[in-house]
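Notes follow the structure.
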Amino acid sequence: LNNVMPTLAVVTTFPPNRWTTYAKRMIQSHVNYWPNDVKLYAYYEGTKPDFEHDKVQFVNIEEANPELIAFKSRHRDDPVANGETREIPGGVRRDPNAGKNDRGKGSYLWDAVRFAHKTFAVDHGLKTIDADYVLWLDADTYTFRKINKDFVTGLLPKNKLVNFLGRGDKYPECGWVCYNKKHPKIEEFMQYWTSLYIRDTIFEELEWHDSYLFWQCVKRIAPNDGVDIGKGAGAKGHHVFINSVLGAYVDHMKGKRKVKGKSSKSDLRGDRNEDYWRNVENYDPFGGVKFDPKQADDIVSKVAKGKQGN
């Protein structure tokens, strides 16, 4: 029985204004290059995207997660809970010692509301999807060639809970996080993470974005059950995703790269011989369609708030 191929599903989420910007391309690349028996569960807000394929299932994130709606409605109008600095009576407060360069400034590090979506999408996916492994994959990624299941599941040994792209002492890059649903700690791990939002104890943490919180959960709940797949990828560098083993299949449009629709040759710390990377400077991700300048401004302004943004 041990030789039975483990089953795999992928989960992602994106805000309504980013469908045409990057999410549609990510989903189309899943259809093109992921195995037929690997379904993508795309958690959306607002109107369901106009996209039909057997390999893709759209889930309304708010209908699926009443606790997310509750968290957002409690904190929607509190600037501090949305990464800003203006404090309101009865509102939440940052830890005065938190954040080196971003202290006293608007920053994604404390945008609790924005980053809650990801946590609840993962939680709902793990509770409802029938698969051995559930992979979180950011919606600003693009798979550029055929990827197989063995590669993905092989990055997470059966006795481990989760993998992530480590960056040395810093919290990991969480554009790719694979969860082992059969691990004995999976429920405890997700309960601990979601309770930060359900009980508002997130605001007692130093930072409130998903990567920092994920890292705390790993250290507190499963310190020996995480697998760092970022090792040897120039961990100190910010763009660890494409410099890891994942870069052989997937590009990640981290931060301002969303506007270009691709990473740059200069992002690579070493040589990559895949055609995609050889031609990345000449490649037009948008097929000649001009990128919406309003979207570009919005993305750039979000990235300016804090060191990397999403």
Side-chain angles (χ1 to χ4, degrees), residues 9-15 40-45 57-76 78 80-83 91-95 98 108-139 156 160-164 171-227 310:
V10 183
V11 168
T12 197
T13 190
F14 49 89
L40 171 64
Y41 293 80
Y43 286 76
Y44 69 93
E45 280 173 89
Q57 185 165 327
F58 287 98
V59 184
N60 182 312
I61 191 168
E62 295 191 317
E63 279 174 20
N65 291 290
E67 290 290 3
L68 171 64
I69 299 183
F71 181 79
K72 283 170 72 173
S73 61
R74 287 197 301 276
H75 303 293
R76 183 178 288 128
D78 183 346
V80 178
N82 290 271
V92 301
R93 300 289 182 262
R94 286 183 199 175
D95 181 318
Y108 78 94
L109 295 176
W110 299 283
D111 197 342
V113 171
R114 177 174 158 209
F115 289 111
H117 297 86
K118 187 164 171 175
T119 310
F120 282 99
V122 168
D123 186 57
H124 185 263
L126 286 168
K127 282 178 177 154
T128 56
I129 297 166
D130 181 18
D132 301 323
Y133 289 87
V134 173
L135 171 69
W136 165 270
L137 185 56
D138 272 1
L156 182 56
K160 297 291 184 186
L161 172 70
V162 67
N163 67 19
F164 49 82
Y171 51 80
E173 138 85 78
C174 288
W176 172 297
V177 178
C178 194
Y179 297 85
N180 175 3
K181 262 190 68 159
K182 297 202 157 155
H183 194 279
K185 283 188 174 168
I186 189 78
E187 279 180 34
E188 185 191 358
F189 183 86
M190 290 312 298
Q191 230 165 349
Y192 187 87
W193 194 3
T194 51
S195 76
L196 294 171
Y197 297 89
I198 294 166
R199 296 174 29 220
D200 280 344
T201 47
I202 179 176
F203 301 111
E204 293 162 20
E205 300 291 339
L206 278 177
E207 296 176 14
W208 307 335
H209 58 105
D210 65 289
S211 298
Y212 177 84
L213 298 169
F214 168 82
W215 192 219
Q216 303 314 308
C217 294
V218 170
K219 290 195 285 195
R220 293 169 198 175
I221 303 299
N224 305 310
D225 298 300
V227 180
N310 238 40

Considering all heavy atoms of both residues, which atom of [X] and which atom of [Y] are nearest to each other, and what is their separation?
X: Ala9; Y: Ile129; answer: CB-CG2, 3.6 Å
X: Phe71; Y: Ala112; answer: CE2-O, 3.8 Å
X: Gly125; Y: Val11; answer: CA-CG2, 4.4 Å

Are the side chains of [Y] and [X] in contact, using a 4.5 Å heavy-atom criterion?
X: Lys118; Y: Cys174; result: yes
X: Phe214; Y: Val177; result: yes
X: Leu213; Y: Glu205; result: yes
X: Leu206; Y: Gln216; result: no
X: Leu109; Y: Tyr212; result: no
X: Glu45; Y: Pro15; result: yes
X: Cys178; Y: Trp136; result: no
X: Val80; Y: Trp110; result: no

Output the distance between atom [atom1] ([X]) and atom [atom2] ([Y]), rounded to the nearest 0.5 Å.
X: Met190; Y: His124; atom1: CE; atom2: NE2; value: 12.0 Å
X: Leu68; Y: Ser73; atom1: CG; atom2: OG; value: 9.5 Å
X: Leu196; Y: Gln191; atom1: CG; atom2: CD; value: 12.0 Å
X: Glu188; Y: Ile221; atom1: CD; atom2: CD1; value: 4.5 Å
X: His117; Y: Tyr44; atom1: NE2; atom2: OH; value: 13.5 Å

Subject >> Close aromatic pair by centroid cut-off 6.0 Å: Phe164 and Trp176 >> reply: no

Subject >> Proximity of His75 and Phe203 rings by center, below 6.0 Å >> reply: yes

Taking everything shown except [X] itself, do over 12 heavy atoms lie less than 6.0 Å from its [atom1]?
X: Glu187; atom1: CD; value: no
X: Lys182; atom1: NZ; value: no
X: Arg93; atom1: CZ; value: yes

Between [X] and [Y]: side-chain donor-acceptor atoms closer than 3.5 Å:
X: Tyr43; Y: Thr12; answer: no
X: Trp208; Y: Asp210; answer: no
X: Arg220; Y: Tyr192; answer: yes

Using only atom types and a distance under 3.5 Å, with no angle test, would you say the side chain of [X] pairs donor to acceptor with the backbone of [Y]?
X: Arg94; Y: Gly83; answer: yes
X: Tyr133; Y: Leu156; answer: yes
X: Asn163; Y: Val227; answer: no
X: Lys185; Y: Leu161; answer: no
X: Asn82; Y: Asp78; answer: yes
X: Asp225; Y: Val218; answer: no
X: Asn180; Y: Val162; answer: no
X: Glu207; Y: His209; answer: no

Subject >> Single hit among Asn65, Asp123, Thr119 for side chain to side chain donor-acceptor pair (under 3.5 Å) with Tyr197 >> reply: Thr119

Original post:
Should Phe189 and Tyr179 be marked as a side-chain contact (heavy atoms from CB on, under 4.5 Å) after you check the CA-CA gap, both sets of side-chain angles, and the distance that decides it?
Top reply: CA-CA 10 Å; Phe189 183 86; Tyr179 297 85; 4.0 Å; yes

**OP:** Using a strict 4.0 Å threshold on nitrogen-to-oxygen distance, state whether Asp132 and Lys181 make a salt bridge.
**Re:** no

Subject >> Residues Lys72, Glu67: salt bridge by 4.0 Å N-O rule >> reply: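 No, Lys72 and Glu67 are not salt-bridged.
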
Original post:
Could you walk me through whether Thr194 and Phe120 pass the side-chain contact (heavy atoms from CB on, under 4.5 Å) check?
Top reply: CA-CA 7 Å; Thr194 51; Phe120 282 99; 4.2 Å; yes

